[in-house]
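For reference, the structure discussed in these notes is given below.
Atoms within a ligand are numbered from 1 in the order they appear, just like the ligands themselves. Side-chain atoms are counted along with the backbone in the values below, which use heavy atoms only and exclude waters and symmetry mates.
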Amino acid sequence: MRMVDIIQKKKDGGRLTREEIDYFVNGYTRGEIPDYQMSALLMAICFRGMTQGETSELTMAYVNSGEILDLSRIEGIKVDKHSTGGVGDKVSIIVIPLVASVGVPVAKMSGRGLGHTGGTIDKLESIRGFNTALSQEQFVANVNRFKMAIAGQSADLTPADKKIYALRDVTATIDSIPLIASSVMSKKIASGADAIVLDVKVGSGAFMKTIAEARELSAAMVEIGRSLDREIVAVISDMSQPLGHQVGNALEIKEVIEVLKGGGAEDLTLVSLTIASHMAVLGGAFKDFDSAYQTLAEIISSGQALAKLRQLVEIQGGEVDLIDHPDHLPSARHQIEIKSPRNGFVHGIEADGIGTAAMLLGAGRRTKEDSVDYAAGITLIKKVGDKVRMGQTLCILHTNLEEWQEAESIAGQSYKINALAPGEPIYIYEVLK
Ligand code: URA
């Protein structure tokens, strides 16, 4: 087999065979196929696409390139969730204790943040002592005993995806539905879950800018799941503004605690309860979505979900005191208020702008090697639909840096203020199964 023939075939719009897909994935991972040939093939895939069969075969080639977690020692249907990435997205930290409260085992693997999006692992590590480097034995034992565990993605899972993703990042070949679908699904399949809820974000802060694109990506991922015997539900949710009021690691943990106390932002609470309800149904705890939603809402109001978060922090070595006293979480030296330049209504808050500003304040990483400042971030006082008067605070920047002008300018420009009130915001667009 020759790589040049595979490139030519895809360039001409042909369907690659399983053998050809395995050949280029394994050859590139082992360093036998050079970057220039792999880049040419990725670009041909971007233009010509892949059939559903090719996409599933690519997914399995990624999965088989590394370790596959064996969760068979965990009793029950193991459920996982994955978000395609957003700003202020702390849903995982809310749904883990919530779903575990109804006895469904949640075995969660998460990543760190890069660029304008945050990562669940960084957020949890803003709780002093919280250990996300669990051994496989500890991970399995915690899920069996407490119905929940969260760990950083092992470096041994899907090495082919890691290497190809890094190449896509620098060759403008990220935005291809089959490439995104196989990349996301391979990590979830290798993580060993039986059932997965996908939170597919759409809007300015997401990979998918339109609902049509989000629907196409969701359908491709649901189909991969079907072909590999995994139950998948894809929820298409809004990322045209950041989720909730807080962006930044410790700030987001404070907001998680508010939601689990029953007093959180409307959008964040609704998206979290929706994802958690689908997980609980897939895990067999409820017959239908509505009864799951109602019970999980009651579990929040009764304080059970917050108690379960406290338990998660305790079993993973974090300071439990921080859950009862969130004001003891890291906080920044400087708070800078951004004021509204006019009277009107908030029509939009560009999520990618807020994410970039938060990163510049220290909350995120420009490159994988950067460290994060847990205290840094942005509090969105006003959200889409809110009325504002000139001079009222739109948002507050938090930073330990001495320079914040660029972040201030980007965050200010991310707010769109118009004279007329916008329509009702939509938080969940569609659910695909
Ligand atoms: N997230 C992933 O894991 N892979 C992609 O290709 C895009 C988003």
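Judged by the shortest distance from any of its heavy atoms, I174 lies outside the 4.0 Å radius around the atoms of ligand 1. The shell of residues lying under 4.0 angstrom from ligand 1, judged by heavy atoms, includes I180.
For the atom pair Q246 CD and H398 NE2, the distance stands at 6.0 Å (nearest 0.5 Å).
Side-chain N/O atoms of S204 and K209 include no donor and acceptor closer than 3.5 Å. With no hydrogens or angles considered, a side-chain donor-acceptor pair links T132 and E125 at under 3.5 Å. Checking S110 against K108 by side-chain atom types alone, a donor-acceptor pair falls below 3.5 Å. A donor-acceptor contact closer than 3.5 angstrom links the side chains of D89 and S83.
For ligand 1, the polar-atom distance check finds an N/O of S183 within less than 3.5 Å of one of the ligand's N/O atoms. Backbone and side-chain nitrogen or oxygen atoms of K187 are examined, and one is located within less than 3.5 angstrom of a nitrogen or oxygen of ligand 1. Taking only nitrogen or oxygen atoms, main chain and side chain alike, R168 reaches within less than 3.5 Å of ligand 1.
Closest protein heavy atom to atom 1 (N) of ligand 1: V184 CG2, 3.8 Å. Considering only non-hydrogen protein atoms, atom 5 (C) of ligand 1 sits nearest to Y165 CE1, 3.2 Å. In this structure, atom 8 (C) of ligand 1 lies nearest to the protein heavy atom F207 CE1, 3.3 Å.
Of the residues listed (I275, L268, L273), the one engaging V271 in a side chain to side chain contact (heavy atoms under 4.5 Å, CB included) is I275, and it is the only one.
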